Protein chains: 2
Amino acid sequence: MQPALRDPNPPLTRSVEDYLKAIYHLSSQGGFAATSDIAAMLDVAPPSVSGMVKRLSETGLIEHVPYRGVQLTSQGRRAALRMIRRHRVLELYLTQHLGYDWGNVHAEAERLEHAVSDDLIERMANALGQPQYDPHGDPIPTAAGDIEEAELVALGEAPIGTKLELRQVGTQDPARLHYFAEQGLTPGVLLTVSERQPFNGPTTIALVPSGDPRVVGRELAQLLWCRALGT
Amino acid sequence: MQPALRDPNPPLTRSVEDYLKAIYHLSSQGGFAATSDIAAMLDVAPPSVSGMVKRLSETGLIEHVPYRGVQLTSQGRRAALRMIRRHRVLELYLTQHLGYDWGNVHAEAERLEHAVSDDLIERMANALGQPQYDPHGDPIPTAAGDIEEAELVALGEAPIGTKLELRQVGTQDPARLHYFAEQGLTPGVLLTVSERQPFNGPTTIALVPSGDPRVVGRELAQLLWCRALGT
DNA sequence: CGTAGGTGTTAGTCTATACTAATTCGAGGA
DNA sequence: TCCTCGAATTAGTATAGACTAACACCTACG
Ligand SMILES: [Mn+2]
Ligand SMILES: [Mn+2]
Ligand SMILES: [Mn+2]
Ligand SMILES: [Mn+2]
C-alpha cells in the first residue's frame, strides 16, 4: 500500500475559516490586509498570522506580498463568502426563531458557523424566507456567493440637512448594540441630519416621521451606515 | 509578571467531549470501557485512545485501570451527560423545527453539540416544551444531569406472546432508520410478539391495534428496545 | 539622505491529537 | 503450570496552531 498521499482538498479548519473571514473584511475596501490588523481582529500574535499566511498561500486561498499584506484569491473569496453567509443566516435565525437579541447573536454564530452543514444553513434560510439582510443590516451573500455592495455613508460624515435611511450598524459589541436599540436606531429607520458640532463633535438627528431628536457622539455616528435619500 | 500558570479549568475540546460520550455509552451497563471499544466507536487507532486516556485521568475526568479499561468519575459523568443532553435536544429540534428526518439528524448533532452554548440548548429545549425523549426514543438528560433509566428488552429477546411498547431504536445508521420508519417501527408503537424462528431467526410481530404483521430479522430485532406491557 | 521605530518575519518551543511500529501484559487453552 | 495470542501500552513521529524572543525590512522624519 502506498504511503497515503495528502488529501488534496481537506476540509477547512475552524482557524482557517476565521482567518479567511478576517482577511475578507480587512481587504473589502480593495487593498491588502495587514498582518497586524489580522492579528488584532483575531486576537492572536502577529507571528501566528505569518505562520497561517504561509499555509494559506501554499494552498492557494490567499496571495501574499511579503511586508505588504495579503489578499484573497477567488477560491479564498468564495470560501470567505460562504462563511459570511453562514454567520449571517445563523444570526438572523437565532433572533427570529429563538428569541436572541441582536447584541448576543454574534458570539453564538461565531462558533456555530464552523459546525453547521450547508444543508442546515439552507433550511434555516428557507425558514426565514431567503432573507437578504442579517439583524445588523449586513447583506447576506447568496448560496452562489454573490453579495450586495451598497453605497453607504457613515452618519458622522453625512451632510447637514440630508435625509437618510439607516442600513447597517457596524459593530458587534453587545453594549453598543443594546444602546442603539434603546435609542431606536436600528436598520430601516429614517432620519434627517439636523446639525453637527465642530471638532469631531456629536451629530444631532431627527427621526422620521416622529421628529424625535437624537444626539449621537462621533464614535457611535461612525458605526451607523446610511443610505442617502436626497435632501 | 509570572509565567502564566495553566488554566485549572480549561474548556473541554471537541475530542475530549466525544471521548467522554463514548466512554459513557460503553460503560453504562456498569463495567469498564475497553480501549479497543473506544477506538472502534470513535474510529481512531488504539494508541490514540491510550494517549487520551492518560490525559483524561490526569485531569480527573476518568479513572483508568491499566489493561482493564476506564470509567467516568462523577465529574466525567456530569460532562458526558451534558453532551448527551445537547446532542439529543439538537436532534429533536432539527426534526421538529427544521424538517430533518430521524436518519440524518445524528451527523449534524454530532458536530453542533460542541459548538452550541448552554443558553442556546435551553432555548431550544423551551421551544420544544422541555421534551423527555429524542427522535430515536432516547431519554434526554435534564439540565441538572439526571437521566431516566428504563428497563427495556430487545425485541429479539422478548418472549412470544408478550405485548410491548417500542421505546428506543438503538442505531444511528440512516439506512436502518429509514427502513424502520417505512415499516412503521418508531418509538411509541405498540405490538405483540407472534413467533420467533430458531437459530437466531427472525421475530414476527403484530402491530397494535392494526394487527399488521412484521417480520424482523435478528440483527434489527436487537436494535428495537421495548417496554413490557404484560401478556 | 540616512537612520529609528514600528511592522513583519524567522527561529525555536509547546500542546493537543493523531498515526505506525515495537513491545508488554494477561487470561484461557494445552 | 505454562505458553500463546490478542489487547493494551510505549516509543517515536507528524501536523495544526499557538506563543515569545530575536532579527529583518521599510519608510518617514530629522
Ligand atoms: Mn468563527
Ligand atoms: Mn451581523
Ligand atoms: Mn461530537
Ligand atoms: Mn438520538
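Sequence lines set the chain letters: A, B, ... in the order given, protein chains first and strands last, and positions in each chain run from 1. Since this is a predicted model, take the numbers as computed values, not measurements.
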Quiz prompt | Spacing of B:D18 atom CG relative to C:dA16 atom C1', expressed in whole Å | solution = 15 Å
Quiz item: Given C:dC19, is OP1 or OP2 found less than 4.0 Å from the side-chain N or O atoms of B:S48?
Solution: yes
Quiz prompt | Within-4.5 Å side-chain heavy-atom neighbours: A:I62 and A:L20 | solution = yes
Quiz item: With a cut-off of under 6.0 Å to the ring centre and 45° to the axis, is A:R88 in cation-pi contact with A:Y133?
Solution: no
Practice problem: Please work out whether the ring planes of B:Y93 and A:Y93 are parallel, tilted or perpendicular, with thresholds of 30° and 60°. | Solution: perpendicular
Quiz item: OP1 or OP2 of C:dT17 less than 4.0 angstrom from a side-chain nitrogen or oxygen of B:R55, does that happen here?
Solution: yes
Quiz item: Are A:S50 and C:dT10 close enough that a side-chain N or O sits under 4.0 Å from OP1 or OP2?
Solution: no
Self-check item: Rounded distance (Å) that lies between atom C1' of D:dG17 and atom CD of A:E17
Solution: 15 Å
Self-check item: Closest listed nucleotide, where the reference is the side chain of A:Y67 and the choices are C:dT20, C:dT17, D:dC26
Solution: D:dC26
Quiz item: Nearest of D:dG17, C:dT17, D:dA11 to any side-chain atom of B:M52?
Solution: C:dT17
Quiz item: Could A:R123 and B:Y100 be counted as a cation-pi pair, given that NZ or CZ must be under 6.0 Å from the ring centre and within 45° of the axis?
Solution: yes
Quiz item: Taking only side-chain nitrogens and oxygens of A:Y19, does any of them come within less than 4.0 Å of OP1 or OP2 of D:dA18?
Solution: yes
Quiz item: Taking for each residue the nucleotide of DNA chain D bearing the nearest heavy atom, is the 5' side occupied by B:P47 or by A:T13?
Solution: B:P47
Exercise. Determine the contact category for A:T35: base if any of its heavy atoms lies under 4.0 Å from a base atom, sugar-phosphate if only primed atoms, P, OP1 or OP2 are that close, otherwise nothing.
Key: sugar-phosphate
Practice problem: Check whether any side-chain nitrogen or oxygen of A:S15 sits under 4.0 Å from OP1 or OP2 of D:dA18, and answer yes or no. | Solution: yes
Exercise. Tell me whether the OP1 or OP2 atom of C:dG8 has a side-chain N or O from A:H64 closer than 4.0 Å.
Key: no
Exercise. For B:S36, report the nucleic acid contact type (base, sugar-phosphate, nothing); a contact means any heavy atom under 4.0 Å.
Key: sugar-phosphate
Self-check item: Nucleotide nearest A:A45 (side chain, heavy atoms from C-beta), chosen from D:dT10, D:dC19, D:dG17
Solution: D:dC19
